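These notes are about the structure you will find just below.
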Amino acid sequence: MLSKKIEEALNGQVATEAMSSQAYLAMASWAENQGLSGTAAFLYRHSDEERLHMLKLIKFINERGGHAVVSALKQPGTNYKTITDIFKALLDHETRVTHEINKVVDLCLKEKDYTTHNFMQWYVGEQIEEEALARTLIDKLNLIGNDKGGLYLFDRDLEVMTSAPAQDKAR
Ligand code: FEO
């Protein structure tokens with residue numbers, strides 16, 4: 001059975017994952033309108049993955065005797081000028097998410113809820129991967145600079161990466 005404090009913290013994380021999904025959906029739409037089809041495909045898939053992260057939390061909360069809450073979402077930012085802006089915003093967002101996850105993990109230890117602590121380790125690992133990937137993509141974009149040929153190849157690489165079979169990591 002979840003304590004009220006843990007239930008609230010997990011519901012906060014449900015909202016955070018939903019906001020991540022919305023934010024990446026907005027970024028995907030921006031990229032699609034710029035003709036960056038590989039980047040758009042990557043971001044649409046990332047948005048879907050965030051929705052799975054949210055669902056995993058909802059199911060866990062309900063299975064452990066809590067009540068998962070689906071809350072209202074703010075409209076995500078859409079004011080991007082370049083593809084580099086997108087990936088910097090993505091990294092900023094993920095860094096904030098990592099901070100939120102660490103707070104939940106910290107609370108689990110304080111409340112001696114080792115079951116939820118164990119469950120949250122999946123999110124800790126996921127954050128390491130997501131931040132590393134965002135940093136790698138930003139490094140590549142910095143190398144490319146204003147080279148249109150380089151940008152074309154970057155976008156094509158993301159298309160290839162995204163069309164590889166998705167790992168069903170969220171279950
Ligand atoms: Fe749900 Fe971007 O981690």
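Start at 1 and go down the list; that is how both ligands and their atoms are numbered. This one's a predicted model, so the numbers in the text were calculated from it and none came from an experiment.
- Identified under the side-chain hydrogen bond (donor to acceptor under 3.5 Å, both in side chains) test for residues 87-108, with sequence neighbours left out: Ser20-His93, Tyr24-Glu94, Glu94-Gln127, Thr98-Gln127, Thr98-Glu131, Asp106-Lys110.
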Distance-only check: which donor-acceptor pairs under 3.5 Å involve side-chain atoms of residues 34-41, not counting sequence neighbours?
from: Ser37; atom 1: OG; to: Glu159; atom 2: OE1; distance (Å): 3.1
from: Thr39; atom 1: OG1; to: Asp155; atom 2: OD1; distance (Å): 2.7

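- Pairs engaging residues 1-20 under the salt bridge (Lys or Arg N to Asp or Glu O under 4.0 Å) rule: Lys4-Glu7, Lys5-Glu111 [sequence neighbours left out].
- When every heavy atom of Pro76 is checked against every heavy atom of Gln22, the shortest pair comes out as CG-O, 3.6 Å.
- Within the protein, the number of N/O/S atoms found under 2.8 Å from atom 2 (Fe) of ligand 1 is 4.
- Between the side chains of Tyr44 and Glu32, at least one donor-acceptor pair of N or O atoms lies under 3.5 Å.
- Judged purely by atom type and a 3.5 angstrom limit, Ser29 has no side-chain atom pairing as donor or acceptor with the backbone of Ala26.
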